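Shown next, in structure tokens, is the structure this report addresses.
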Amino acid sequence: MDIIHFVESVNFYNRAEENNERVPKRCIRDMQNPIDFYNDKEFFNRFRFSKTTVLQSLMPLVFNDIEAEFNDNSMRGLPIPPLLKLLAVLRYYGTGNFQIVTGDLVGISQPTISRCVKDISRIIASKLPTFVKFPTTLEGKIHNQVLFSNIAGNFKIICSLCFK
């Protein structure tokens with residue numbers, strides 16, 4: 001059966017070449033949804049966030065910006081769904097791997113991972129002033145230094161970021 005299919009394919013391509021017809025491009029991308037594929041523990045181990053956090057907090061945070069900035073209605077190539085872009089970038093951030101390794105793990109090429117990291121990082125950075133507040137007054141800075149010195153000793157720290 002496979003030989004017959006192979007011979008038919010060769011004949012089709014030969015006819016298309018003779019008639020200067022454009023041969024249809026075959027693109028196969030099997031991208032499973034990690035939300036459905038992994039259980040909660042496996043998901044957290046791979047992406048460093050729970051499914052709930054990704055779906056209810058991170059996706060709404062970046063989804064509208066991804067759609068507005070990077071939505072290409074021409075459907076050229078094989079567009080990557082916004083959720084997969086976000087998860088690929090979270091895995092890249094969480095593991096500290098090279099982009100090519102992250103791409104291999106999620107089934108995306110290194111240049112595409114690079115573009116996703118750039119796009120998502122730019123969106124997240126634009127949202128930082130909404131979520132990260134530094135003390136602006138001397139009293140606020142001193143208050144934070146006292147709080148941090150109670151935790152970690154005599155350091156001159158005024159702000160810290162912690163993602164859980």
Side-chain angles (χ1 to χ4, degrees), residues 25-164:
K25 190 176 185 181
R26 286 187 63 203
C27 297
I28 300 171
R29 179 180 282 166
D30 181 22
M31 299 176 91
Q32 54 199 348
N33 185 350
I35 299 287
D36 298 332
F37 186 74
Y38 297 116
N39 66 33
D40 290 337
K41 185 177 179 183
E42 291 172 334
F43 187 88
F44 185 84
N45 288 339
R46 284 170 174 77
F47 301 105
R48 307 294 192 257
F49 286 96
S50 68
K51 291 180 183 181
T52 305
T53 302
V54 168
L55 291 175
Q56 293 178 0
S57 299
L58 296 176
M59 268 310 284
L61 183 71
V62 299
F63 183 73
N64 292 335
D65 291 329
I66 290 174
E67 287 296 307
E69 240 180 281
F70 309 108
N71 190 14
D72 185 10
N73 291 330
S74 67
M75 295 301 289
R76 294 178 62 195
L78 295 172
I80 299 167
L83 177 63
L84 268 141
K85 283 184 183 183
L86 177 63
L87 292 176
V89 172
L90 290 177
R91 191 160 198 178
Y92 173 73
Y93 290 159
T95 61
N97 279 334
F98 294 107
Q99 289 176 352
I100 194 163
V101 175
T102 302
D104 290 344
L105 292 173
V106 295
I108 300 172
S109 70
Q110 182 275 323
T112 303
I113 288 289
S114 179
R115 285 189 298 276
C116 290
V117 168
K118 179 188 76 170
D119 296 343
I120 300 293
S121 297
R122 195 173 283 161
I123 291 169
I124 291 172
S126 73
K127 306 284 185 181
L128 277 178
T130 307
F131 299 101
V132 178
K133 303 289 187 206
F134 290 98
T136 55
T137 64
L138 182 59
E139 294 83 23
K141 291 177 185 179
I142 291 171
H143 177 71
N144 279 3
Q145 286 177 347
V146 169
L147 291 175
F148 280 109
S149 67
N150 290 342
I151 295 171
N154 192 14
F155 293 105
K156 300 292 183 194
I157 299 172
I158 60 170
C159 185
S160 174
L161 298 177
C162 182
F163 300 101
K164 289 185 179 186

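Here the structure is a predicted model, which means the values were calculated and not measured.
- Side chains of Tyr93 and Thr102 form no contact here, defined as non-hydrogen atoms less than 4.5 Å apart.
- With rounding to the nearest 0.5 Å, the separation of CG in Leu86 from CG in Asp119 is 12.0 Å.
- With sequence neighbours excluded, the residues forming a side-chain contact (heavy atoms from CB on, under 4.5 Å) with Lys51 are Ile35, Asp40, Phe43, listed by chain and number.
- With values rounded to the nearest 0.5 angstrom, Ile108 atom CD1 is found 6.0 Å from Leu84 atom CG.
- Side chain of Ser126 to backbone of Ile123: a donor-acceptor contact under 3.5 angstrom is found.
- Here the CD-CG distance, from Gln110 to Asp104, works out to 10.0 Å after rounding to the nearest 0.5 Å.
- For the atom pair OG (Ser50) and CD (Gln56), the distance works out to 8.5 Å, reported to the nearest 0.5 Å.
- How far CZ of Arg46 is from OG1 of Thr95: 12.0 Å, rounded to the nearest 0.5 Å.
- Residues Met59 and Leu83 have side chains in contact (heavy-atom distance under 4.5 Å, counting atoms from C-beta outward).
- A heavy-atom distance below 4.5 Å is found between the side chains of Leu58 and Leu90.
- Between Lys85 and Cys116, the closest heavy-atom pair is CG-SG, 3.6 Å.
- Residues Leu61 and Lys127 share a closest heavy-atom pair of O-CE, 3.3 Å.
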Item to check | side-chain contact (heavy atoms from CB on, under 4.5 Å) between Ser57 and Phe49, worked out | outcome: CA-CA 10 Å; Ser57 299; Phe49 286 96; over 6 Å; no

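- Gln99 places a side-chain heavy atom less than 4.5 Å from the side chain of Tyr92.
- When atom types are taken as modelled, the side chain of Lys133 and the backbone of Pro129 share a donor-acceptor pair closer than 3.5 angstrom.
- Looking at every heavy atom in both residues, Gly140 comes nearest to Pro135 through C-CB, 3.6 Å.
- Looking at every heavy atom in both residues, Gly103 comes nearest to Ile113 through CA-CG1, 3.6 Å.
- Counting heavy atoms from C-beta outward, Lys118 and Ser114 have side chains that stay 4.5 Å or more apart.
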